[in-house]
Amino acid sequence: MDRSFTEQERLQPLLEDCTIARQILDRVGDKWSVLIIVNLGSGPLRFKELQRRSGGISQRMLTQTLRYLERDGIVWRKATPTVPLTVEYGLTALGESLLQPLTTLVGWVNGNREEITSARISYDSRQEDALTVDGLEETTAPPAAEAIGAE
């Protein structure tokens, strides 16, 4: 029997038990995981090359994120017993299936970076004005619009 599912029916498992869904979304949605998955989309990479392409990530954070992604079945790891040890990472079939939505998301971010930065500047300016009018210290205002992804 061929049956078309409504949007509500497709979302029902997510609505019923959001714990596992939240954990998965936390994992694949954090900034380092997105960068790693997108970088591995071009093919397997050695650890140091992956670190270089994921600018700003520490060795410890890269190791930790790769372990989580491997545990979730998104990334595979291959260690070759050489001196020094050669370790290569790539996307599993599950990781490959995640690549398209993440690539679309990254493209959206890149395409809207200027508009988002402009909106942040405008918002921050309004907040600073409101704080000054209310007599509060301006130091409680959010920081000026920072680059997307910067912390």
Side-chain angles (χ1 to χ4, degrees), residues 1-128 130 141-151:
M1 178 171 144
D2 187 21
R3 178 179 163 195
S4 295
F5 290 100
T6 67
E7 189 68 21
Q8 184 65 26
E9 288 171 322
R10 282 195 305 246
L11 292 175
Q12 196 57 41
L14 175 64
L15 298 173
E16 290 173 357
D17 182 12
C18 63
T19 303
I20 190 73
R22 188 185 74 247
Q23 290 172 351
I24 294 168
L25 289 170
D26 284 346
R27 172 67 47 234
V28 300
D30 76 72
K31 70 179 179 181
W32 296 124
S33 293
V34 170
L35 281 173
I36 290 167
I37 293 165
V38 170
N39 281 323
L40 289 175
S42 62
L45 294 170
R46 292 178 63 178
F47 185 90
K48 283 296 185 184
E49 179 60 23
L50 186 54
Q51 186 177 22
R52 273 191 290 280
R53 290 186 185 192
S54 303
I57 191 170
S58 68
Q59 182 173 335
R60 180 178 180 270
M61 182 56 68
L62 178 57
T63 299
Q64 181 179 2
T65 305
L66 284 166
R67 284 182 183 157
Y68 289 142
L69 292 171
E70 184 180 7
R71 179 175 183 250
D72 289 341
I74 295 168
V75 167
W76 55 260
R77 178 184 186 271
K78 177 183 173 190
T80 306
T82 58
V83 178
L85 182 68
T86 303
V87 182
E88 189 175 56
Y89 295 89
L91 294 177
T92 63
L94 183 61
E96 291 281 347
S97 72
L98 180 58
L99 187 58
Q100 173 57 45
L102 289 183
T103 302
T104 301
L105 178 61
V106 169
W108 180 88
V109 169
N110 287 334
N112 292 287
R113 181 183 308 256
E114 289 179 20
E115 187 175 343
I116 293 168
T117 301
S118 176
R120 287 179 174 183
I121 291 168
S122 176
Y123 176 88
D124 291 348
S125 176
R126 289 191 313 272
Q127 293 304 309
E128 288 172 5
E146 55 199 35
I148 294 174
E151 291 183 350

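Values below: every heavy atom of this structure, side chains too, minus hydrogens, waters and symmetry copies.
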If you round to the nearest 0.5 Å, how far is [atom2] of [Y] from [atom1] of [X]?
X	Y	atom1	atom2	answer
Trp32	Asn39	CH2	CG	10.5 Å
Leu40	Leu69	CG	CG	8.5 Å
Asp26	Ser33	CG	OG	10.0 Å
Ile36	Leu62	CD1	CG	5.0 Å
Thr63	Arg60	OG1	CZ	9.5 Å
Leu102	Gln100	CG	CD	9.5 Å

[X]: which residues meet the side chain to side chain contact (heavy atoms under 4.5 Å, CB included) condition with it, sequence neighbours left out?
X	answer
Ser118	none
Leu94	Ile74, Thr92, Ser97
Thr86	Arg46, Thr80, Thr82
Pro44	Trp76, Glu88

- Item | Of all pairs that satisfy salt bridge (Lys or Arg N to Asp or Glu O under 4.0 Å), the ones with a partner from residues 61-86, not counting sequence neighbours |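 Counting only pairs at least two positions apart or across chains, the salt bridge (Lys or Arg N to Asp or Glu O under 4.0 Å) contacts touching residues 61-86 are Arg27-Asp72.
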
- Query: Can you pull the salt bridge (Lys or Arg N to Asp or Glu O under 4.0 Å) pairs that have at least one residue in residues 47-58, sequence neighbours excluded?
  - Reply: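 Listed by first then second residue: Glu49-Arg52, Glu49-Arg53.
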
Checking [X] now: which residues fulfil side-chain hydrogen bond (donor to acceptor under 3.5 Å, both in side chains) with it, not counting sequence neighbours?
X	answer
Gln59	none
Ser122	Arg126
Thr65	none

- Message: Looking at every heavy atom in both Val75 and Tyr89, which two are closest together, and how far apart are they?
- Response: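 Taking every non-hydrogen atom into account, CG1-CD2, 3.9 Å.
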
- Task: Return the minimal non-hydrogen interatomic distance between Ile37 and Gly95, and the atom names on each side.
- Result: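 Nearest pair, atom of Ile37 first, then Gly95: CG2-O, 4.4 Å.
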
- Would one find more than 12 heavy atoms of other residues, nucleotides or ligands at under 6.0 Å from atom CZ of Phe47?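 Yes, CZ of Phe47 has more than 12 neighbouring heavy atoms, counting only those of other groups under 6.0 Å.
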
- Message: Do Leu99 and Leu91 have side chains that approach each other closer than 4.5 Å (heavy atoms only, starting at C-beta)?
- Response: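 Heavy-atom side-chain distance check passes, below 4.5 Å.
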
- Is a donor on one side and an acceptor on the other found under 3.5 Å between the side chain of Asn112 and the backbone of Glu115?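 The answer is no, because no donor-acceptor pair under 3.5 Å joins these two groups.
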
